[in-house]
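Counting starts at 1 for both ligands and their atoms, in listed order. One is the number of the first residue; the rest follow in order along the sequence.
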Amino acid sequence: MKIIRAKDYNDMSRKAANIISAQIIMKPHCVLGLATGGTPVGTYKQLVEWYNKGDLDLSEVTTVNLDEYRGLPRDHEQSYWHFMHVHFFDLVNIDPSRIHLPEGTDPDAAAACARYDQIIHDLGGIDLQLLGIGIDGHIGFNEPGAAFELGTHCVDLTESTIEANKRFFASREEVPRQAYTMGIKTIMQARKVLLAVSGGSKAEIVKQAFFGPVTPEVPASILQMHPDVTLVGDEEALHLI
Ligand code: F6R
């Protein structure tokens, strides 16, 4: 595992964007696994800036996002589809037909998940998977206790995740209770993993995930077994390691 220490959120975002940008330059037709949440917003902003300067071309890139709320239509303001378009896809030259997220409104959960795994398989797998980490150690929506061997599946969100995500909704009641997420197996099959983290509230879980026992109780801890993981974090997030 490589650990890259950044000064603050902006520095962390620039360093994460540098790694993604290097991936795109080395393999223009790469498959990027992407994440939503607060952490990668600065990374996407930096990538957009480099695109606007003419330093980055995303025309051949394919993306597969980690997760999507179950039940939210794509145009819902809080859908991850919407988030990704507002923060990234609408601002760069990515081909819309190469953008993939789980289909949140498919009522047949098993079919939606199987189709998503098939898409990733047909693309030849993920070259670089960007991840954030929840304060309980979740990656994607793989909450504590999630089986390591799962592909894309439907999950019930934990109270802690509903609580953390309610800031984006008008009320707690509006936060969806389920989501479709890539499983740990899908994430572990990515050729490279880049986990970005910022802020003191994540320091303890970062220590547990990367230096504690590998256990489903801390889903991110499985990344200790991945052959190519880069952890990029700011001083506050990495101060315990
Ligand atoms: C987002 C995702 C989540 C977040 C995690 C951290 O697609 O799958 O696992 O990465 O909840 O969220 P932030 O970055 O908001 O702290």
Give a yes or no on whether the backbone of Leu58 and the side-chain of Asn93 come within a donor-acceptor separation of less than 3.5 Å.
yes

Can you pull out the closest protein heavy atom to atom 14 (O) of ligand 1? Residue, atom name and distance to 0.1 Å, please.
Thr39 OG1, 2.4 Å

Quick one: nearest non-hydrogen protein atom to atom 11 (O) of ligand 1, plus distance?
His138 NE2, 2.7 Å

Please work out, at 4.0 Å between heavy atoms, whether the side chain, the backbone, both, or neither of Leu131 comes within that distance of ligand 1.
neither

Exam field: side chain His121 to backbone Ile119, donor-acceptor pair closer than 3.5 Å:
no

Below 3.5 Å, N or O to N or O, backbone or side chain included: is there any such pair between Gly38 and ligand 1?
yes

Identity of the nearest option to atom 9 (O) of ligand 1, non-hydrogen atoms only, from Gly132, Ala164, Ala196, Gly140:
Gly140

Can you tell if the side chain of Gln78 reaches within under 4.5 Å of the side chain of Leu72, non-hydrogen atoms only?
yes

In terms of ring plane angle, is the pair Phe83 and His87 parallel, tilted or perpendicular, where the classes change at 30° and 60°?
tilted

Answer with yes or no after comparing the ring centroid distance for Phe168 and Tyr69 against a 6.0 Å cut-off, counting only values under it.
no

Logged contact type for Leu66 with ligand 1, heavy-atom cut-off 4.0 Å, is side chain

Can Arg167 be said to touch ligand 1, with heavy atoms closer than 4.0 Å?
yes

Nearest to atom 1 (C) of ligand 1, what protein heavy atom do you find, and at what distance?
Thr36 OG1, 3.2 Å

Ligand-side contact atoms (ligand 1) for residue partner Asp67, heavy atom cut-off under 4.0 Å
1 (C), 2 (C), 7 (O), 8 (O)

Closest protein heavy atom (residue, atom, distance) for atom 16 (O) of ligand 1:
Lys202 NZ, 2.8 Å

Would you confirm whether Asp127, through its side chain, and Val31, through its main-chain N or O, come within 3.5 Å as a donor-acceptor pair?
yes

Count I, L, V, M, F, W, Y as connected when their side-chain heavy atoms are under 4.5 Å apart, and connections chain through other members. Are Tyr44 and Ile99 then in the same cluster?
yes

What protein heavy atom lies closest to atom 6 (C) of ligand 1? Include the residue and the distance to one decimal.
Ile133 O, 3.5 Å

Do Ile241 and Leu231 have side chains that approach each other closer than 4.5 Å (heavy atoms only, starting at C-beta)?
yes

